[in-house]
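Everything below concerns the one structure shown next.
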Amino acid sequence: LALLVDVSGSISDNEFALQRTGYVNVFNNANLFNNFISTLPNQSIAVSFVYWSGGSQQSQLGGTGNWYLINSVASSQAFAGLIAGFTRPFSGQTAPGSAINFITPQFATNNFQGTRWVIDVSGDGAQNDGANTAAARDAALLA
């Protein structure tokens, strides 16, 4: 699971806090693991968390290429703690296609064998920088 979180200039400080708090609350909630992740075939997920803005502005939690194994309530809550401490690195243009292009190759190189690749993009503005969003989406689907 790749979580791509918009921190472009159209995201106010309040909206940023709302987004981050939402992710923290979800991963802190034991029900995420107990009622969902534990029911999956491998009883785990690999997750990456990326803040994005302009075409060359992607900041991945833990640094580029970092993915986290969620295989227990404790690992999910530890991940929530990392998100809570991940500060906003950008506030520029809006390039969701570039964020998709940034994360897509990592699914094949992240040391996890997933049965499904999922990219969740949060954003509130139209692309005004970077790679074409539809083309990035199509390339991710082909991958």
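For clarity, every value in this text was computed on a predicted model and none was experimentally measured. One is the number of the first residue; the rest follow in order along the sequence.
By the 4.5 Å heavy-atom criterion applied to side chains, Arg88 and Asp13 are counted as neighbours. Side-chain contact between Ile11 and Gln19 is present, with at least one heavy-atom pair separated by less than 4.5 Å. The shortest side-chain heavy-atom distance between Ile103 and Val50 falls under the 4.5 Å cut-off. A heavy-atom distance below 4.5 Å is not found between the side chains of Trp117 and Gln106. Taking the side chain as every heavy atom from C-beta outward, Phe107 and Ile119 approach each other to under 4.5 Å.
No donor-acceptor distance shorter than 3.5 angstrom exists from the side chain of Asp6 to the backbone of Val121, with no hydrogens or angles considered. Between the side chain of Ser48 and the main chain of Ala2, no donor-acceptor pair closer than 3.5 Å is present. With Thr104 contributing its side chain and Asn101 its backbone, the two residues share no donor-acceptor pair below 3.5 Å. Proximity of a side-chain donor or acceptor of Gln43 to a complementary backbone N or O of Leu40 within less than 3.5 Å is not detected. Formation of a donor-acceptor pair under 3.5 Å by the Gln127 side chain with backbone atoms of Thr133 is found in this model.
Nearest heavy atoms, Ser98 versus Gly130: OG-CA, 3.3 Å.
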Steps toward side chain to side chain contact (heavy atoms under 4.5 Å, CB included) verdict (Phe102, Gln57): CA-CA 10 Å; Phe102 172 80; Gln57 294 177 312; over 6 Å; no

Test log, rule side chain to side chain contact (heavy atoms under 4.5 Å, CB included), inputs Leu1 and Arg116: CA-CA 8 Å; Leu1 170 63; Arg116 194 168 159 207; over 6 Å; no

Trace of the side chain to side chain contact (heavy atoms under 4.5 Å, CB included) decision for Ser59 with Phe86: CA-CA 10 Å; Ser59 181; Phe86 194 26; 3.7 Å; yes

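Annotation: Phe16 is in aromatic contact with Tyr51 [ring centroid separation under 6.0 Å].
When hydrophobic clusters are built by joining Ile, Leu, Val, Met, Phe, Trp and Tyr residues whose side-chain heavy atoms come closer than 4.5 Å, directly or via intermediates, Val7 is not grouped with Leu18. In this structure, Leu4 is not a member of the same hydrophobic cluster as Phe90, with clusters built from ILVMFWY side-chain heavy atoms closer than 4.5 Å. Trp67 and Trp52 fall within the same hydrophobic cluster, where Ile, Leu, Val, Met, Phe, Trp and Tyr residues are linked whenever their side-chain heavy atoms come under 4.5 Å apart, directly or through other members.
Interatomic distance, CG of Asn34 versus OG of Ser72, reported as 10.0 Å (0.5 Å rounding). Remark: Asp129 CG to Thr94 OG1 distance equals 8.0 Å, nearest 0.5 Å. Taking CD1 of Ile83 as the start and CZ of Arg20 as the end, the distance is 10.0 Å to the nearest 0.5 Å. Note that CD of Gln58 and CD1 of Ile100 are 11.0 Å apart. Values are rounded to the nearest 0.5 Å. Note: Asp124 CG to Ser10 OG = 3.5 Å, rounded to the nearest 0.5 Å. One distance of note links CD1 of Ile45 with OG of Ser76; it measures 7.0 Å at 0.5 Å rounding.
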Identify all side-chain donor-acceptor contacts of residues 134-143 below 3.5 Å with residues at least two apart in sequence or on another chain.
none

Which side-chain N or O atoms in residues 22-29 pair as donor and acceptor under 3.5 Å with protein atoms at least two apart or in another chain?
{"unit_1": "Asn25", "atom_1": "ND2", "unit_2": "Thr21", "atom_2": "O", "d": "3.4"}
{"unit_1": "Asn29", "atom_1": "OD1", "unit_2": "Asn31", "atom_2": "N", "d": "2.8"}
{"unit_1": "Asn29", "atom_1": "OD1", "unit_2": "Asn31", "atom_2": "ND2", "d": "3.4"}

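No hydrogens or angles considered: nothing links the side chains of Ser8 and Gln93 as a donor-acceptor pair under 3.5 Å.
A 6.0 Å sphere centred on CG of Asp120 holds more than 12 heavy atoms belonging to other residues, nucleotides or ligands.
Aromatic ring pairs are classed by plane angle as parallel below 30°, tilted from 30° to 60° and perpendicular above 60°; the pair Phe49 and Phe79 is perpendicular.
Ser38 pairs by the side-chain contact (heavy atoms from CB on, under 4.5 Å) definition with Phe33, not counting sequence neighbours.
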